[in-house]
Visitor: 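Okay, here's the structure, questions in a sec.
Counting starts at 1 for both ligands and their atoms, in listed order.
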Amino acid sequence: MCGIIAGIINTNIADSLIEGLERLEYRGYDSSGLAVIKSDQSIIHRKSVGKVSELKAIVKASKTEGQIGIAHTRWATHGKPSTLNAHPHLSHDCFAIVHNGIIENYETLKEELIAEGYEFSSETDSEVLVHLIHQAMQSSSSLFDAVQSITPKLEGSYALAAIDKSTPDTLVVARRGSPLIIGLSDDQIFAASDVIAFNETIEQCIYLEDEDVAAISKNLLTVMNNGEIIPRPINSISGDENGASKGSYTHFMHKEIHEQPQAIQRLIDAYLTDKGLFSNTFPVADQLAISRIKNITIVACGSSYHAALIAKLWFEAYAEIQCQVEIASEFRYRKSIVPKRSLFIAISQSGETADTLAALGHAKKLGYKKSLAICNSNHSSLVRETDLCLLTHAGKEISVASTKAFTSQLTVFLMLAIYFAQKRKLTTKNDTMMDALKQLPDQLSDALTLEPLIEKTVTPLAKAKNCLFIGRGEMHSIAMEGALKLKEISYIHAEAYAAGELKHGPIALIDDKLPVIVIAPNNDVLSKIQSNINEVKARGGQVYIFSDSDDFDQANSLIPIAPAPSLISPIIYSIPLQLLAYHIALLKGNDIDQPRNLAKSVTVE
Ligand code: AGP
């Protein structure tokens, strides 16, 4: 969603801001803009709809020079993508702001400002911020004071950066609910929504907390929180946090698909030591509570939700712990019962998904006592707001369509299910389970070798308008994830069904134009899914089967998957479905890493 980069340097900042925006493109956006304070102490701004490359061309063609500036990629929420709605927003040509988040009470604030004579030029909620700053400056001694005085009036979430043409050496930033990080080097200082926006010279950063307001100048950084100066810790930025590059790949998604064997190995190494699973992970004080858990509630969105659906089956089958999984945006608005001795798990790649964070807040109010985050971002809001955390260690995921983060989530869940089973003394097959887990990286590498075959086989699918995915048990959720991947990047309408549900309705759709993707590992429901395939074939459906059995002579196309222990097969079968979506999108010439309308991290409701 929206991205912010702002900073102060000794040379012209416009190029650095554009580079920062380019690094933020992966978050998803539809327009962009920047503002700088020129040497004559006037604010100049440039905006453009579409890609950052268009803004770059505008900036290059015009004289946009200054040492301090703010920039933004906008993902439209209030008002369509247009140059008027793009940020920065200005008030009286004196102040400019960029904003990420939603000001929920903007209509009331706007009415009050209009009554005082303020004129609005956009449909956005964000524009109220800059007029509020202008208004506050009538009684404030500095931009820093003005921003501190307006934040208590705001409902909703914000990360914001503001400049005042009369103080060209100071940038003011603030956050509540939306991430904002300050990046430091000897001669540069930046603030951004994500560490990835910083250039390679920025090696240290400060994570701002909710309600922080910071004044940034070349030699001084002051962070205030509710009227008090707060010294926030300085962190080193690790290599995999900034400067993500595609290497030899054309797309981040393709690179991230191929990184999965290493990502999963890293994860196993992090949590499986000589002393066993999660031996040093949970604080001693929590270990007993964890071993006594009787119930688990998991909330998530999108791919993270699909991973959770599979976790439910594992928790119940291996650890005999009852588990319910809910879509975060639904859970947060309904009354539900808190089961006794329950663990609340919120799972999110980014840890910044607004609905998942709100669901966590709702769970705490309902009375859940213990919460666990499963997350790919160590510095995320989700990690900060939960009692316990398991990082998925997948490395930065840039492609909007989740791949390695999803299989890493599944692997953490599988390890957790085994861990619970061990704690509850339920595993008679501990060695077999550990052996299966350790096979994962090699099995994933094997699955990746299917790419040329998948590429060839799926060519006809690029012409499809609709597609059906079916599976049973865990593979139903893998089918859901496969359908989501295809929708996201190929724009082909895709639905997933539990194969047994076909004849309860969706079979009416089957004709020779509807491809049916079947995920059919050689397990105890293979014969059931073979019947489902026959039903599809009898109605002229085109069937594409992913299986480690070859007992499918009636198949249109078979993608042979190497046999794998059933414990890990949902993780293995994720790979060919990712490759299927990738190659169809490639054939269609789509923008694979930044699909239309989508944002990497959905930080607004
Ligand atoms: C996955 O391909 C999607 N881009 C999306 O569904 C994503 O999984 C969802 O928005 C949840 O994100 P999170 O894991 O960062 O919370």
Side-chain angles (χ1 to χ4, degrees), residues 1 26-29 75 177-179 193-194 196 251-254 256-257 260 298-311 325-332 345-361 372-383 385-386 389-410 412-413 469 477-492 494 496 574-575 577-582 585 590-605:
M1 302 218 125
Y26 83 98
R27 291 163 70 92
Y29 69 101
W75 190 86
S178 301
S193 309
D194 189 329
I196 207 159
H251 298 102
F252 279 109
M253 182 182 182
H254 200 208
E256 288 158 8
I257 289 173
Q260 288 175 103
I298 315 177
V299 294
C301 305
S303 294
S304 299
Y305 171 72
H306 297 153
L309 290 173
I310 296 167
V325 178
E326 293 218 29
I327 292 172
S329 56
E330 292 295 319
F331 178 81
R332 65 182 285 193
I345 301 182
I347 175 159
S348 167
Q349 186 282 128
S350 60
E352 300 295 347
T353 301
D355 282 321
T356 308
L357 290 169
L360 172 66
L372 167 70
I374 297 180
C375 190
N376 200 34
S377 171
N378 196 9
H379 300 287
S380 62
S381 306
L382 190 70
V383 169
E385 291 170 23
T386 40
C389 162
L390 290 174
L391 292 175
T392 42
H393 294 297
K396 189 82 189 166
E397 192 177 68
I398 302 287
S399 160
V400 163
S402 185
T403 54
K404 61 177 181 171
F406 174 71
T407 48
S408 299
Q409 291 174 335
L410 283 178
V412 168
F413 271 136
F469 286 69
S477 306
I478 293 300
M480 290 167 81
E481 175 61 9
L484 177 66
K485 275 310 73 102
L486 190 65
K487 272 186 269 217
E488 283 186 294
I489 60 168
S490 76
Y491 315 142
I492 293 173
S574 303
I575 303 270
L577 298 187
Q578 295 167 355
L579 289 168
L580 172 140
Y582 175 77
N590 291 354
D591 187 347
I592 292 182
D593 286 334
Q594 293 159 33
R596 67 185 182 202
N597 304 337
L598 294 181
K600 178 65 184 162
S601 157
V602 184
T603 52
V604 296
E605 188 176 2

Visitor: Are the side chain of Glu397 and the backbone of Ala405 linked by a donor-acceptor contact shorter than 3.5 Å?
Guide: yes
Visitor: Return yes if some donor-acceptor pair links the side-chain N/O of Ser350 with the main-chain N/O of Glu352 below 3.5 Å, else return no.
Guide: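 Checking the backbone N and O of Glu352 against the side chain of Ser350, a donor-acceptor pair under 3.5 Å is found.
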Visitor: Sorted by first residue and then second, give each salt bridge (Lys or Arg N to Asp or Glu O under 4.0 Å) pair with at least one member in residues 299-308; sequence neighbours left out.
Guide: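 Of all non-adjacent pairs touching residues 299-308, none passes salt bridge (Lys or Arg N to Asp or Glu O under 4.0 Å).
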Visitor: Starting from the N and O atoms of ligand 1, find every protein N or O within less than 3.5 Å and list the pair with its distance.
Guide:
residue	atom	partner	partner atom	Å
ligand 1	2 (O)	Ser303	OG	3.4
ligand 1	2 (O)	Ser402	N	2.8
ligand 1	2 (O)	Lys485	NZ	3.0
ligand 1	2 (O)	Glu488	OE1	2.6
ligand 1	2 (O)	Glu488	OE2	3.1
ligand 1	4 (N)	Val400	O	2.9
ligand 1	4 (N)	Glu488	OE2	2.8
ligand 1	6 (O)	Ser303	N	3.4
ligand 1	8 (O)	Ser303	N	3.0
ligand 1	14 (O)	Ser304	OG	2.6
ligand 1	14 (O)	Gln349	N	2.6
ligand 1	15 (O)	Ser348	OG	3.3
ligand 1	15 (O)	Gln349	N	3.4
ligand 1	15 (O)	Ser350	N	2.9
ligand 1	15 (O)	Ser350	OG	2.7
ligand 1	15 (O)	Thr353	OG1	3.4
ligand 1	16 (O)	Ser348	OG	2.6
ligand 1	16 (O)	Thr353	OG1	2.4

Visitor: Using ring centroids (six-membered ring only for Trp), state whether Phe406 and His306 fall under 6.0 Å.
Guide: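 When the ring centroids of His306 and Phe406 are compared, they turn out to be at least 6.0 Å apart.
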Visitor: Is the side chain of Gln409 donor-acceptor paired with the backbone N or O of Ile347 at a distance under 3.5 Å, no angle test?
Guide: no
Visitor: Can a donor-acceptor pair be found, under 3.5 Å and without considering hydrogens, that links the side chain of Asn376 to the backbone of Lys396?
Guide: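 Not confirmed, Asn376 side chain does not pair with Lys396 backbone.
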